[in-house]
Each structure stands twice: as structure tokens, then as C-alpha cells.
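Atoms within each ligand, like the ligands themselves, are counted from 1 in listed order.
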Amino acid sequence: MRKEIPQSEIEKQLALCAKMKAEATGARYALVDTYGCQQNEEDSEKLRGYLAAAGYEMTTDEYLADVIIMNTCAVREHAEQRVFGNLGALTHTKKAKPDQLIAVCGCMAKQPEVVDKIKRSFPLVSLVFGPDELWRFPELLQTALSHKKRVFEPGSGDGCVAEGVPHLRTDTVKAWLTVMNGCNNFCTYCIVPYTRDRERSRRPEEILAEAKSLAAAGYKDITLLGQNVNSYGRDLGGETDFASLLRAVCAIDGDFIVRFMTSHPKDATEALFAAMRDCQKCEKHLHLPLQSGSDRILKAMNRHYDSEKYLAQVDKLREYVPDVVLTTDIIVGFPGETEEDFEETLKLIERVRYDAMFTFLYSPRPGTKAAAMEDTATHEEKQERFDRLVETQNRISEEKHRAYVGKTERVLFDGKDKEPGILTSRTLGGRLVRVEAPETMIGSFAEVKITDCNTWALRGELA
Ligand code: 5AD
Ligand code: SF4
């Protein structure tokens with residue numbers, strides 16, 4: 001059910017921030033630690049926006065921080081373990097600074113088992129709130145700070161749309177722009193539909209206004225975010241869709257790139273491919289998570305496509321955008337995956353030849369359907385498959401990168417590399433290019449000649 005938070009409610013939150021700021025004596029510091037996906041990165045910008053409005057300065061020093069917020073991810077067990085480990089380590093900072101407020105939010109904070117565990121085993125945490133309570137963070141913060149009691153607000157399960165929450169963006173070149181939240185797909189392995197609730201889209205006029213202000217502020221790389229952008233607009237009465245939104249964002253004046261993620265293969269349309277072809281500003285890249293190449297496993301995953309349909313989409317996309325960069329996600333070791341299933345995956349990736357791939361070992365998530373399915377392969381077998389997959393993809397990535405050498409690409413410089421004197425940049429297809437260039441070029445476009453490469457990146461020089 002689509003629930004819009006009235007503007008007056010957000011104004012109340014902002015008024016609370018102003019009050020906290022006015023009442024503050026001396027400097028106060030906040031640390032927001034982000035785990036997980038870009039959605040979470042964007043949520044953290046909103047938390048920082050509220051905190052800045054409440055007079056907090058941002059810090060990365062956990063001993064200096066008056067408020068520490070862990071914005072967590074629940075997509076795999078490993079991410080959760082990291083959060084619990086880091087929470088445990090905060091015992092020291094809390095001891096040194098007893099007034100320090102420690103909060104946990106994000107996807108873990110929506111899971112009942114996690115909330116219980118925090119209640120029982122992490123008394124140092126005094127505020128827990130789910131992703132859909134973020135819009136009223138100032139109120140929750142104030143209660144936790146003033147009542148000296150623990151606040152637990154995981155959320156009711158009704159996703160909402162909240163406009164007007166301020167952002168504090170630290171990057172000056174790249175900006176995240178959420179177009180929708182939530183997920184309706186219930187892939188059997190995935191926790192997201194449980195933590196982020198049902199799909200709801202922001203209104204196109206709100207998105208366009210934000211995109212315009214980002215372009216006017218000088219951002220050069222805007223990424224439209226949603227768990228499944230291809231179903232954008234379905235809850236808005238169907239008068240708009242993602243392809244139209246993409247065209248409208250790309251039509252805004254200015255020199256910038258428009259990226260987007262993530263696209264569910266069952267919903268990718270020819271209209272999207274046509275928009276990618278027609279819009280000069282749109283990245284020539286599609287992240288199209290395959291998850292598995294085995295039709296049997298895809299069915300068990302509830303993905304609503306098979307290998308044939310997936311391949312037909314890739315072929316169609318390549319008709320529209322011949323040199324498109326394709327990336328994907330693969331899960332290895334889903335319950336019941338056999339050697340034959342895995343070989344289907346290998347066959348499919350040899351056929352598609354992705355530019356890059358994110359590979360994950362299946363991690364059972366409590367409450368999902370797959371968590372109750374019987375698992376037959378051993379950990380060693382799964383690890384062996386994982387290694388073979390990575391090896392295969394590394395070879396393909398390197399071959400695809402090798403084909404760039406000698407070519408000239410237009411790139412956007414977006415930051416400094418670890419190597420002194422080197423900047424990082426991205427092609428329109430999103431490939432990373434390291435280039436020797438002055439720092440003043442960060443935020444500008446340039447033609448770069450590709451001179452070398454490895455599995456993960458390209459090397460170039462200013463042309
Ligand atoms: N185990 C392993 N990987 C997962 N992903 C999502 N849920 C799980 C899980 N339970 C992966 C999928 C998704 C990416 C963001 O994370 O590949 O596309
Ligand atoms: Fe993002 Fe999913 Fe992790 Fe939530 S669980 S932070 S939506 S990746």
C-alpha cells in the first residue's frame with residue numbers, strides 16, 4: 001500500500017532539528033557507518049542531512065563521535081557478522097564516552113531476530129529503527145537522547161514515500177538519486193522484500209526537480225536507484241514507466257551521465273533499450289543480474305525468466321546498443337544446485353561474455369523460502385564452483401578489457417587513485433580507467449587513450 005508522508009510531518013522533523021541545534025552547547029559530532037548497497041549509501045546521506053540540520057559535524061573518529069549510527073545490510077550473513085563485530089568493538093568508545101549514543105538502522109534493524117539479539121546482547125545500542133522510519137529519525141534521536149531509554153522502532157511493514165528529507169552529499173562528482181524503494185519480487189533467497197517492504201515510486205516531478213538541482217549544482221554522474229527500476233511507475237497508475245523517466249532525466253540541460261540500477265531481467269523492456277540507445281547522456285551499460293544459468297534453479301529462485309528468455313533480452317539489447325557493457329550478479333551454491341546446474345551457468349556466461357560480474361556464495365536468510373530448502377552440496381563443493389566461476393569470468397573480463405587497448409574513450413574523472421598522481425575515471429559504459437592527470441581534472445570529461453589493462457580496470461593517458 002502506497003503511503004505518502006505529508007510535507008508537514010517532514011517540516012516537524014526539520015523543526016526538531018533546528019531546536020536541537022539551537023539548544024546545543026559546544027560542538028557535537030556524528031559518525032554514520034554504511035554497509036551494503038547504494039540505497040543504503042543514499043539513506044546515509046539523508047541521516048547526515050538531518051544530523052547536520054541538528055547541528056552535528058561529521059567525523060570518522062568513533063572516540064570523538066557523540067552519535068554513532070550503523071546503517072546496516074542484511075543481504076548476506078557475512079555483512080551481519082561484520083556489523084555485530086563492529087558493534088562489539090564500540091564497547092571501548094562507549095566506556096570512554098558514556099553519553100555516546102549508538103544507533104542501528106537499515107535492513108538488519110527490520111529483522112525481528114536481529115532486533116531481539118540487539119535487545120538482549122548489545123545494551124550499548126540505545127536506538128534501533130528500520131529503513132522506513134528514517135524520515136522521522138530526528139524525533140527518534142531526540143527520544144533516545146532525552147528520555148535515557150532504549151528506543152526500538154523496526155517499522156510496521158508498510159513502505160512509505162517521504163519527500164523533502166535533506167541530503168548531505170560528500171561526493172562532488174557523483175550523486176545517488178532514489179527513484180523508488182522496496183521490492184515485490186520475492187526471489188526465494190532474498191531478504192530485501194522483507195526489510196524494504198513493497199515497491200513504491202517517487203513521483204516523476206519530484207525526481208526531475210532533484211535531478212535538475214543536482215545538474216545545476218555541478219554533479220556529472222547521476223545514478224537513478226531502485227531495487228528494480230524496471231517496475232518504476234507501476235504504483236503511480238501506470239501513466240509513466242522507467243524508460244520515460246530515463247528519457248526525461250537525460251533531457252535535462254547540462255553535461256552529465258545518467259546511470260541506473262538495478263534491472264530485473266523479467267521486466268527489462270525494449271522501450272528501455274531504445275531509451276539507452278537514443279539518450280546521449282545515458283550510460284551504455286546494463287547491470288542485469290542473472291543469478292544462475294540453470295532453468296531449474298531459476299525456477300526455484302522464483303526469478304520468472306529462463307536462460308532462453310534472458311539470452312533473447314541480451315541479444316535484443318545488443319541490437320539496440322551494440323557495444324553495451326554488461327555486468328551481472330551470480331549466486332553460487334543455491335540449495336539443490338548440482339554440478340550440472342553450475343555448468344549451465346558457466347555455459348551461459350561464456351555465451352553472454354559479461355564485462356564484469358559480482359559473484360556471491362549463497363547465504364541462507366532467515367524467513368526466506370530458500371532458507372527452508374534442502375541444501376545438498378558441501379561447502380567445499382560450493383567454494384570450488386565459486387573459484388571456477390571467478391576464474392572463467394576473470395579471463396573473459398581481461399579479454400574484453402584487452403579489446404579497449406589502443407582505442408580512445410571519453411571518460412569522467414571522479415577521484416584520486418591510491419597510486420600517487422593517478423586519477424580514477426569511468427567510461428560511458430562504467431569501466432574504470434586509471435590515468436595520470438592533475439587533480440584539477442576531477443569532475444571533468446576528457447578523451448583518454450587506453451594503453452593497458454588488467455582484469456578489473458583499464459589504464460590510459462590523456463589524448
Ligand atoms: N545469498 C547470496 N547472495 C545474495 N544476493 C541476494 N541475496 C543473497 C543471498 N541470500 C545477491 C544477489 C543480488 C545481489 C545484490 O546480492 O546476487 O543480485
Ligand atoms: Fe541494500 Fe539489500 Fe543490503 Fe538492504 S539488504 S542494504 S536493500 S543490499
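When atom types are taken as modelled, the side chain of Ser425 and the backbone of Val433 share a donor-acceptor pair closer than 3.5 angstrom.
Within the structure, the salt bridge (charged side-chain N to carboxylate O under 4.0 Å, His left out) test picks out the following pairs touching residues 126-135 (sequence neighbours left out): Asp132-Arg200, Glu133-Arg136.
Ring centroids of Phe84 and Phe122 are separated by less than 6.0 Å, placing the two rings close together.
Atoms of ligand 1 found under 4.0 Å from any heavy atom of Tyr362, numbered from 1 in the order shown, are 1 (N), 2 (C). Per-residue contacts place Gln291 under 4.0 angstrom from the following atoms of ligand 1 (heavy atoms of the residue considered): 12 (C), 13 (C), 17 (O), 18 (O). Close approach of ligand 1 to Val75 (heavy-atom distance below 4.0 Å) involves ligand atoms 6 (C), 7 (N), 8 (C), 9 (C), 10 (N). Interface atoms of ligand 1 facing Arg365, defined by a heavy-atom separation under 4.0 Å, are 10 (N).
When the heavy atoms of Asp329, Ile330, Ile331 are ranked by distance to atom 18 (O) of ligand 1, first place goes to Asp329.
Within a 6.0 Å radius of CD in Glu308, no more than 12 heavy atoms belonging to other residues, nucleotides or ligands are found.
Counting only N and O atoms by type, the side chains of Ser244 and Asp241 include a donor and acceptor under 3.5 Å apart.
Contacts of Thr368 with ligand 1, taken as heavy-atom pairs under 4.0 Å, are absent altogether. Only the side chain of Phe360 comes within 4.0 Å of ligand 1, counting heavy atoms alone; its backbone N, CA, C and O stay farther away.
The side-chain contact (heavy atoms from CB on, under 4.5 Å) test with Asp306 is passed by exactly one of Arg303, Lys309, His304: Lys309.
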